Participant: 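Before we start, here is the structure in question, set down as structure tokens.
Both backbone and side-chain heavy atoms feed into the values below; hydrogens, waters and symmetry mates do not. This is a predicted model, so every value here is computed, not measured.
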Amino acid sequence: MEYLISDLRSSIPILQKIVEGQTLSFDEAWSLVTIYKRYRNSSAFVDYVEDTPKSEYAKLHRDAAALTKETSAILHIYYDGKELFKSFDPKPIYNEHLKPSYSAYLQAKEVSVKAYDDFKPIQNNMDFPELHYSQDEIPHMWKIYNEKKEYSDKCSNRTKELFEVYDRERRRTAGLFNFKMSAFIMLVYSLDEMGKALLADLNDIAGRGDNV
């Protein structure tokens with residue numbers, strides 16, 4: 001639970017920036033996505049509680065108290081700036097993050113198209129070189145053909161490599177494009193409810209005189 005508490009705590013200044021109307025960096029927005037993905041399965045929380053032996057209930061109580069402290073702080077920020085949270089759109093952040101790799105791909109593609117357009121005429125001519133060149137010219141034209149083909153292939157391969165870089169990052173970070181702030185807040189709300197319920201149960205156990 002320590003990681004959960006730490007992650008929630010790290011989200012507070014990020015969420016505060018939303019309330020203040022500031023634009024989040026990609027790393028900040030991605031941090032929210034990561035936290036949501038990591039803890040959206042609440043059954044892991046239940047399993048952790050159920051697997052905790054009674055001898056560690058005192059620590060569990062401290063952890064539950066620390067958890068609700070962070071969830072309460074997040075929900076307080078949310079209620080203070082509910083409209084800003086509702087209007088939060090991660091897509092511009094996602095698009096801005098991908099812009100450099102996409103731009104590099106487009107530039108390489110433009111160079112590749114020009115290289116191929118330059119190569120295409122001689123490629124066509126060299127299908128039947130005798131129809132276009134004298135016997136003396138043909139050896140030299142084959143040399144030019146090979147040079148232009150090598151350059152065109154090099155540009156094409158570079159374009160493919162840069163597209164793969166862009167596409168790989170696009171797929172890796174697609175969670176930000178589809179991120180819903182409402183889902184993140186609902187997760188925090190659920191964790192807050194579970195933390196409070198756990199505290200109540202542990203206080204009950206303590207009230208009955210069991211070891212907590």
Participant: Would you name the heavy atoms of Val19 and Phe85 that are closest together and state the gap between them?
Facilitator: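 What the structure gives for the nearest pair is CG2-CE1, 3.5 Å.
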Participant: Got a sec, which residues hit side chain to side chain donor-acceptor pair (under 3.5 Å) with Thr23, two or more places apart in sequence or on another chain?
Facilitator: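 For Thr23 there are no side chain to side chain donor-acceptor pair (under 3.5 Å) partners, ignoring immediate neighbours.
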Participant: Tell me, which pairs form a salt bridge (Lys or Arg N to Asp or Glu O under 4.0 Å) where one or both residues lie in residues 69-81, sequence neighbours left out?
Facilitator: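 As it turns out, the salt bridge (Lys or Arg N to Asp or Glu O under 4.0 Å) pairs with a partner in residues 69-81, which skip direct neighbours, are Arg9-Glu70.
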Participant: Contact between Met181 and Leu15 at the side-chain level, heavy atoms closer than 4.5 Å - yes or no?
Facilitator: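 Heavy-atom side-chain distance check passes, below 4.5 Å.
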Participant: Mind checking side chain to side chain donor-acceptor pair (under 3.5 Å) for Asn95 and listing every partner two or more places apart, or none if nothing turns up?
Facilitator: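 In terms of side chain to side chain donor-acceptor pair (under 3.5 Å), with neighbours along the sequence ignored, Asn95 is linked to no residue.
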Participant: State which residues pass side chain to side chain contact (heavy atoms under 4.5 Å, CB included) with Val111; sequence neighbours excluded, sorted by chain then number.
Facilitator: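 In terms of side chain to side chain contact (heavy atoms under 4.5 Å, CB included), with neighbours along the sequence ignored, Val111 is linked to Tyr151, Cys155.
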Participant: Please list, chain by chain and in numerical order, all residues satisfying side chain to side chain contact (heavy atoms under 4.5 Å, CB included) with Arg38, sequence neighbours excluded.
Facilitator: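 Arg38 satisfies side chain to side chain contact (heavy atoms under 4.5 Å, CB included) with Asp7, Thr34 only.
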Participant: Between Phe177 and Tyr94, does the ring centroid distance fall short of 6.0 Å?
Facilitator: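 Phe177 vs Tyr94: aromatic centres under 6.0 Å.
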Participant: Which residues, ordered by chain and number, are linked to Tyr133 in its hydrophobic cluster, where ILVMFWY side chains connect at heavy-atom gaps below 4.5 Å, directly or through other members?
Facilitator: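 Cluster partners of Tyr133: Tyr116, Phe119, Ile122, Met126, Ile138, Met141, Trp142, Ile144, Tyr145.
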Participant: With sequence neighbours left out, write down each residue that passes side chain to side chain contact (heavy atoms under 4.5 Å, CB included) with Asp89, or none if nothing qualifies.
Facilitator: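 Side chain to side chain contact (heavy atoms under 4.5 Å, CB included) list for Asp89, sorted by chain: Lys91, Pro92.
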Participant: When the side chains of residues 26-33 are checked against the rest of the protein, which donor-acceptor pairs come out under 3.5 Å, sequence neighbours left out?
Facilitator:
unit_1	atom_1	unit_2	atom_2	d
Glu28	OE1	Lys17	NZ	3.0
Glu28	OE1	Ser25	N	2.9
Glu28	OE1	Ser25	OG	3.4
Glu28	OE2	Lys17	NZ	3.1

Participant: Excluding sequence neighbours, so at least two apart, what forms salt bridge (charged side-chain N to carboxylate O under 4.0 Å, His left out) with Glu2?
Facilitator: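 In terms of salt bridge (charged side-chain N to carboxylate O under 4.0 Å, His left out), with neighbours along the sequence ignored, Glu2 is linked to Lys59.
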Participant: What pairs with Lys180 under side chain to side chain contact (heavy atoms under 4.5 Å, CB included), at least two apart in sequence or on another chain?
Facilitator: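 In terms of side chain to side chain contact (heavy atoms under 4.5 Å, CB included), with neighbours along the sequence ignored, Lys180 is linked to Ser182, Ala183.
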Participant: For Lys149, give me all partners under salt bridge (charged side-chain N to carboxylate O under 4.0 Å, His left out), at least two apart in sequence or on another chain.
Facilitator: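 For Lys149, the residues satisfying salt bridge (charged side-chain N to carboxylate O under 4.0 Å, His left out) (neighbours in sequence not counted) are Asp153.
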Participant: Return yes if a side-chain donor-acceptor contact under 3.5 Å exists between His97 and Glu169, otherwise no.
Facilitator: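 Yes, side-chain donor-acceptor contact under 3.5 Å.
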Participant: Any idea which heavy atoms bring Leu199 and Ala65 closest together, and the distance?
Facilitator: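 Heavy-atom minimum between the residues: CD2-N, 3.8 Å.
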Participant: Could you pull out all donor-acceptor pairs under 3.5 Å where a side-chain atom in residues 190-198 meets a protein atom, sequence neighbours excluded?
Facilitator:
unit_1	atom_1	unit_2	atom_2	d
Ser190	OG	Met186	O	3.0
Asp192	OD1	Thr71	OG1	2.6
Asp192	OD2	Lys196	NZ	3.0

